[in-house]
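Data block below; observations after.
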Amino acid sequence: QVQVVESGGGSVQAGDSLRLACAYSGDTICISDMGWYRQAPGKERELVAPLTKGSSNNVADSVKGRFTISRDKAKNTLYLQMNSLKPEDTAVYYCNAHCYDGATRIIYWGQGTQVTVSS
């Protein structure tokens, strides 16, 4: 089992920066993939930034050039650096972790952290 806890959200003004953290614990050796998602008011949850082996900057077009995903393996923490925040970035941000239990793939979600950007 894996536990995922997001933190670092808050209320900021447009143009500000935030650094979200996703702390994961438990049977972390099972983790094969991780990523950041967000769900804005009245919108569906969307993928923001997957953590890929090729690049940590393979982010969604809406945040391209502003958001960066990274991982500190030693600290069991996934980060989302968010710069030049816009009001449309307002959402609950979620972290997930993909694990394999034998041949079974399991996806773990955190509770989310609120990011509110005002103009």
Side-chain angles (χ1 to χ4, degrees):
Q1 303 297 314
V2 172
Q3 295 77 48
V4 181
V5 180
E6 303 94 338
S7 63
S11 297
V12 300
Q13 294 182 320
D16 287 351
S17 297
L18 282 174
R19 186 177 178 87
L20 305 184
C22 169
Y24 51 94
S25 60
D27 297 331
T28 60
I29 59 173
C30 77
I31 297 175
S32 60
D33 292 295
M34 299 190 73
W36 283 98
Y37 290 71
R38 70 183 181 186
Q39 187 167 14
K43 303 292 184 180
E44 298 294 325
R45 189 174 299 184
E46 64 176 345
L47 176 65
V48 176
L51 182 65
T52 62
K53 62 180 180 180
S55 175
S56 63
N57 295 320
N58 186 24
V59 300
D61 289 342
S62 60
V63 302
K64 184 178 180 180
R66 301 186 297 117
F67 289 13
T68 302
I69 188 172
S70 62
R71 179 185 179 186
D72 188 331
K73 294 181 180 180
K75 296 182 178 179
N76 282 356
T77 302
L78 186 73
Y79 298 99
L80 184 67
Q81 179 66 48
M82 306 186 296
N83 299 325
S84 301
L85 284 162
K86 303 176 180 179
E88 51 263 43
D89 295 321
T90 295
V92 177
Y93 284 73
Y94 299 90
C95 174
N96 75 1
H98 298 236
C99 288
Y100 281 92
D101 182 3
T104 304
R105 180 168 171 263
I106 305 173
I107 302 176
Y108 297 95
W109 291 93
Q111 295 297 309
T113 184
Q114 177 70 50
V115 172
T116 302
V117 185
S118 61
S119 60

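The structure presented is a predicted model; accordingly, all values stated were derived computationally and were not measured.
- Contact of the Tyr100 side chain with the Cys30 side chain is not registered, since no non-hydrogen atoms from C-beta on lie closer than 4.5 Å.
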List the steps and the verdict of side-chain contact (heavy atoms from CB on, under 4.5 Å) for Met82 and Asp16. CA-CA 8 Å; Met82 306 186 296; Asp16 287 351; over 6 Å; no
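- To the nearest 0.5 Å, atoms CD1 (Ile31) and OH (Tyr24) are separated by 5.5 Å.
- Residues Gln39 and Tyr93 are not in side-chain contact: their nearest non-hydrogen atoms beyond the backbone lie 4.5 Å or more apart.
- Side-chain heavy-atom separations under 4.5 angstrom define the hydrophobic clusters, and the remaining members of the one that includes Trp109 are Tyr37, Leu47, Val92, Tyr94, Ile107.
- In this structure, the side chains of Val4 and Cys22 come closer than 4.5 Å at one or more pairs of heavy atoms.
- Defined by atom type and a distance below 3.5 Å, a donor-acceptor pair is present between the side-chain atoms of Ser62 and Arg38.
- A pairwise comparison of heavy atoms in Asn83 and Ser17 identifies OD1-OG, 2.9 Å as the closest pair.
- Lys73 places a side-chain heavy atom less than 4.5 Å from the side chain of Arg71.
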With side-chain contact (heavy atoms from CB on, under 4.5 Å) as the criterion, how do Gln81 and Arg66 come out once you've worked through the C-alpha distance, each side chain's angles and the decisive distance to 0.1 Å? CA-CA 8 Å; Gln81 179 66 48; Arg66 301 186 297 117; over 6 Å; no
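- Tyr79 and Met34 end up in different hydrophobic clusters when Ile, Leu, Val, Met, Phe, Trp and Tyr side chains are linked at under 4.5 Å.
- The closest side-chain heavy-atom distance from Asp89 to Phe67 is below 4.5 Å.
- The shortest distance between side-chain heavy atoms of Thr113 and Val5 does not fall below 4.5 Å.
- Residue-environment remark: CD (Glu88) exceeds the threshold of 12 foreign heavy atoms within 6.0 Å.
- Panel note: side chain Thr28, backbone Ser25; no donor-acceptor pair is recorded below 3.5 Å.
- Here the closest non-hydrogen pair linking Pro87 and Ser119 is CG-CB, 4.0 Å.
- Following chains of ILVMFWY side-chain contacts shorter than 4.5 Å, one can reach Leu51 starting from Val63, so the two form part of one hydrophobic cluster.
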Test Asn96 against Tyr108 for side-chain contact (heavy atoms from CB on, under 4.5 Å), laying out the working first. CA-CA 5 Å; Asn96 75 1; Tyr108 297 95; over 6 Å; no
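- Taking OG1 from Thr68 and CZ from Arg19, the interatomic distance works out to 9.0 Å, rounded to the nearest 0.5 Å.
- Contact annotation: the side chain of Leu85 approaches that of Leu18 to within less than 4.5 Å [non-hydrogen atoms, C-beta and beyond].
- Here the closest non-hydrogen pair linking Ala49 and Val59 is CB-CG1, 3.7 Å.
- Side-chain contact between Val117 and Val115 is present, with heavy atoms from C-beta onward closer than 4.5 Å.
- Side chain of Asp27 to backbone of Gln1: a donor-acceptor contact under 3.5 angstrom is found.
- Between Cys99 and Val2, the shortest heavy-atom distance links the atoms SG-CG2, 3.5 Å.
- Without hydrogens or angle criteria, Asp72 side chain to Lys75 main chain gives a donor-acceptor distance under 3.5 Å.
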